[in-house]
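This report concerns only the one structure given below.
Below, chains carry the letters A, B, ... as their sequence lines are ordered, and counting in each starts from 1.
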There are 2 protein chains.
Amino acid sequence: MRRAEGAVEPAEQGTAPRVGPCGVLCEDCRVRTISVCRALAGPALDELEAITLRIRLPAGRNLFDEGDPAESLFTLTEGMIKVFKMLPDGRRQITGFLLPGDFLGLAFFRSYAYSAEAVTDALLCRFPRDRFMALLERHPALEKELLSRASSELAAAQEQMLLLGRKSARERVASFLLGLARRQGAGSTKPVALPMSRWDIADYLGLTVETVSREIQAAKASGVIAMPDRHHFLVVDPRRLAAAAALG
Amino acid sequence: MRRAEGAVEPAEQGTAPRVGPCGVLCEDCRVRTISVCRALAGPALDELEAITLRIRLPAGRNLFDEGDPAESLFTLTEGMIKVFKMLPDGRRQITGFLLPGDFLGLAFFRSYAYSAEAVTDALLCRFPRDRFMALLERHPALEKELLSRASSELAAAQEQMLLLGRKSARERVASFLLGLARRQGAGSTKPVALPMSRWDIADYLGLTVETVSREIQAAKASGVIAMPDRHHFLVVDPRRLAAAAALG
DNA sequence: CGTGGCGTTGAGGTCTTTCAACGAGAGTGG
DNA sequence: CCACTCTCGTTGAAAGACCTCAACGCCACG
């Protein structure tokens, strides 16, 4: 869990695409970056672009730790990031898995209240905190967008509290699979990516790996889902999966 | 759980204090209201005051239900409110207990994502949603304050996820008591109010009433806390209580 | 004085965890 | 190429923390 020294480069400003750490994908990833930032910043896009740094984070590398000074904010443009808190004795609770487009580091505090680590290789936009805050002053629309996102995150957090406090192991796993399928916009034929380890799933659902493994096997055996391999699944029976998730 | 018809009155505008449902406390509660709203609105106070309605909510009455159209936002000025989500079969998860000064109903959605109910008799300021949003447009400082509060709430939610997902019953109860004591700014001699029922505590900590009762008794028996009565406690041994809470 | 909600306590049950073993696959180095 | 090691994932058996069911005391209330 060493600190990220992930390749950092200033945002593209000239016309010719530079070859960065992303190699040939660089121009493509720039397009995606702009698309994600536009969703975030709207009319403030140009100014946001000007303070954007691009970061590549290899799988397993951590972005920052709980307690680190919160010097940057991020948006994820590609890959998956996990966000978690730990107890002194090593117990861990993953509070979220981030997908492209998600915002990270919304902290009005001096230091991060949680740690963040790459699940898969990831690409992020990094914004220096002070410059981002200055941008916020000039663009109320950006602030409103952030408030809206914070509001959504809060709703998701409350849903997760319901899961952790009141759902059985079977319901937790079903809810998790269903949520993942929905976020990835999967029909019942398209396989859903499950890139995180069973340990990560367990720490997200407040269970042990063994229980997670058993429940996934049970779901497979009952024909609710199918698994082409251990890191992809198909929702075979959405109705039964939803029922198993105890949707409220 | 009927809907709140709690006495609603327009905010004071004249000079002479009207006698409202709060009776003789009205002027006092107006002072408190303004103080709370100033913390929220800063320089926008006057405009906020102009759209403020005061509500009195008796203990046990609910303010709104999950799914209701989100027509209002609130701040609590006195008493305690609980916020919760439910599953179709009746299982309940309380996601927070609100104290005076706390903001409620921060939803950029059409409807509330949770229910809210008074734990004790409560006084609130109610802001019509559309007028509040219009105010937000004109006062970026107010928006920033909201973002800051949302950010704090998110941090608290993550802390609670850690509790629900990874802490033992003993640790949960200890964390809860400690958190309550801190929020009420209690020294080790001043009793801390515990106005909610054991059922509420259980639904907040993801436990059963019986387990909550047993753990509270155990804490009492071990001399970590003392209880003058069933709804107040004293932190006798802060160090041991903190240790029992598995602080991270 | 009966009734009902709240809180506590006891005994037994069960769901999840703990402990343990094993197979598959990836990376290493001789 | 082949041991060797390590992580990941799965499965089984046993243990335990918390839940369920039940009974009881207390207090407010009609």
Side-chain angles (χ1 to χ4, degrees), chain A residues 1 58-61 82 87 89-94 117 119-120 163-177 194-222 225 227-233 244 246, chain B residues 1 58-61 82 87 89-93 117 119-121 163-177 194-222 225 227-233 244 246:
Chain A
M1 282 230 209
R61 186 73 66 81
K82 65 189 174 200
L87 291 172
D89 63 5
R91 281 175 289 176
R92 185 179 66 156
Q93 179 65 41
I94 293 180
E117 184 179 320
V119 174
T120 66
L163 179 148
L164 291 170
R166 288 304 178 211
K167 288 188 181 177
S168 70
R170 176 144 307 175
E171 291 166 339
R172 293 182 202 198
V173 171
S175 300
F176 172 68
L177 296 176
L194 200 65
M196 68 290 284
S197 71
R198 299 294 193 260
W199 271 265
D200 284 346
I201 299 176
D203 283 344
Y204 181 61
L205 298 178
L207 300 170
T208 59
V209 243
E210 294 91 335
T211 301
V212 168
S213 182
R214 277 186 254 266
E215 290 304 335
I216 289 180
Q217 298 309 314
K220 215 163 56 173
S222 71
I225 61 166
M227 299 198 79
D229 66 86
R230 285 170 177 169
H231 288 288
H232 293 86
F233 69 94
Chain B
M1 283 229 209
R61 185 73 66 81
K82 64 188 173 201
L87 290 173
D89 63 4
R91 282 175 288 176
R92 184 179 67 155
Q93 179 65 41
E117 185 180 319
V119 174
T120 66
D121 289 345
L163 179 148
L164 292 170
R166 288 303 180 210
K167 289 189 182 177
S168 69
R170 176 144 307 175
E171 290 166 340
R172 293 183 201 198
V173 171
S175 300
F176 172 68
L177 296 176
L194 200 65
M196 68 290 285
S197 72
R198 300 294 194 257
W199 272 264
D200 285 346
I201 299 175
D203 283 344
Y204 180 62
L205 298 179
L207 300 170
T208 60
V209 244
E210 294 92 335
T211 300
V212 168
S213 182
R214 278 186 254 267
E215 291 303 335
I216 290 180
Q217 297 310 314
K220 215 164 57 174
S222 71
I225 61 166
M227 299 198 78
D229 66 87
R230 284 169 175 171
H231 288 288
H232 293 86
F233 68 96

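- Residue B:Arg214 places a side-chain atom within donor-acceptor reach of the base of D:dT20, judged by atom type and a 3.5 Å distance cut-off alone.
- Computed from coordinates, the A:Leu205 CG to C:dC15 C1' distance equals 16 Å when rounded to whole Å.
- OP1 or OP2 of C:dT17 has at least one side-chain nitrogen or oxygen of A:Thr211 nearer than 4.0 Å.
- If you measure from atom CZ of B:Arg91 to atom C1' of D:dC18, you get 16 Å, rounded to the nearest angstrom.
- Contacts of B:Glu210 with the nucleic acid, taken as non-hydrogen atoms under 4.0 Å apart, include base atoms.
- Regarding A:Arg198, its CZ atom lies at a distance of 9 Å from the C1' atom of D:dT10, rounded to whole Å.
- Between B:Met227 atom CE and C:dG7 atom C1' there is a gap of 11 Å when expressed in whole angstrom units.
- Atom CH2 in B:Trp199 sits roughly 6 Å away from atom C1' in C:dG7 (whole-Å rounding).
- Whole-Å rounding puts the B:Asp229 CG to D:dC27 C1' distance at 13 Å.
- Between A:His231 and D:dC8 there is no side-chain N or O to OP1 or OP2 distance below 4.0 Å.
- Here A:Ser197 lies in heavy-atom contact (under 4.0 Å) with sugar-phosphate atoms only.
- At least one side-chain heavy atom of A:Arg198 sits under 4.5 Å from a side-chain heavy atom of A:Arg230.
- Residue whose closest nucleotide on DNA chain D sits further toward the 5' end, between A:Ser213 and B:Gly206: A:Ser213.
- Ion pairing of A:Asp200 with A:Arg92 is present here, as a side-chain N (NZ or NE/NH1/NH2) and a carboxylate O approach within less than 4.0 Å.
- Within 3.5 Å, no donor on the side chain of A:Arg230 pairs with an acceptor on the base of C:dG25, nor the reverse.
- Salt-bridge formation is detected for the pair A:Glu171/B:Arg91: a Lys NZ or Arg NE/NH1/NH2 atom is positioned less than 4.0 Å from an Asp or Glu carboxylate oxygen.
- Ionic pairing of B:Asp203 and A:Arg166 is present here: one or more N-O contacts between side-chain nitrogen and carboxylate oxygen are shorter than 4.0 angstrom.
- Rounded to a whole Å, the CG atom of B:Leu164 is 17 Å from the C1' atom of C:dT16.
- Taking all atoms of both residues into account, the shortest heavy-atom contact from B:Ser175 to B:Leu163 is CB-CD1, 3.7 Å.
- Candidate nucleotides C:dG7, C:dT17, D:dC19 were compared by shortest atom distance to the side chain of A:Leu207, and C:dT17 ranks first.
- Between A:Glu215 atom CD and D:dG9 atom P there is a gap of 17 Å when expressed in whole angstrom units.
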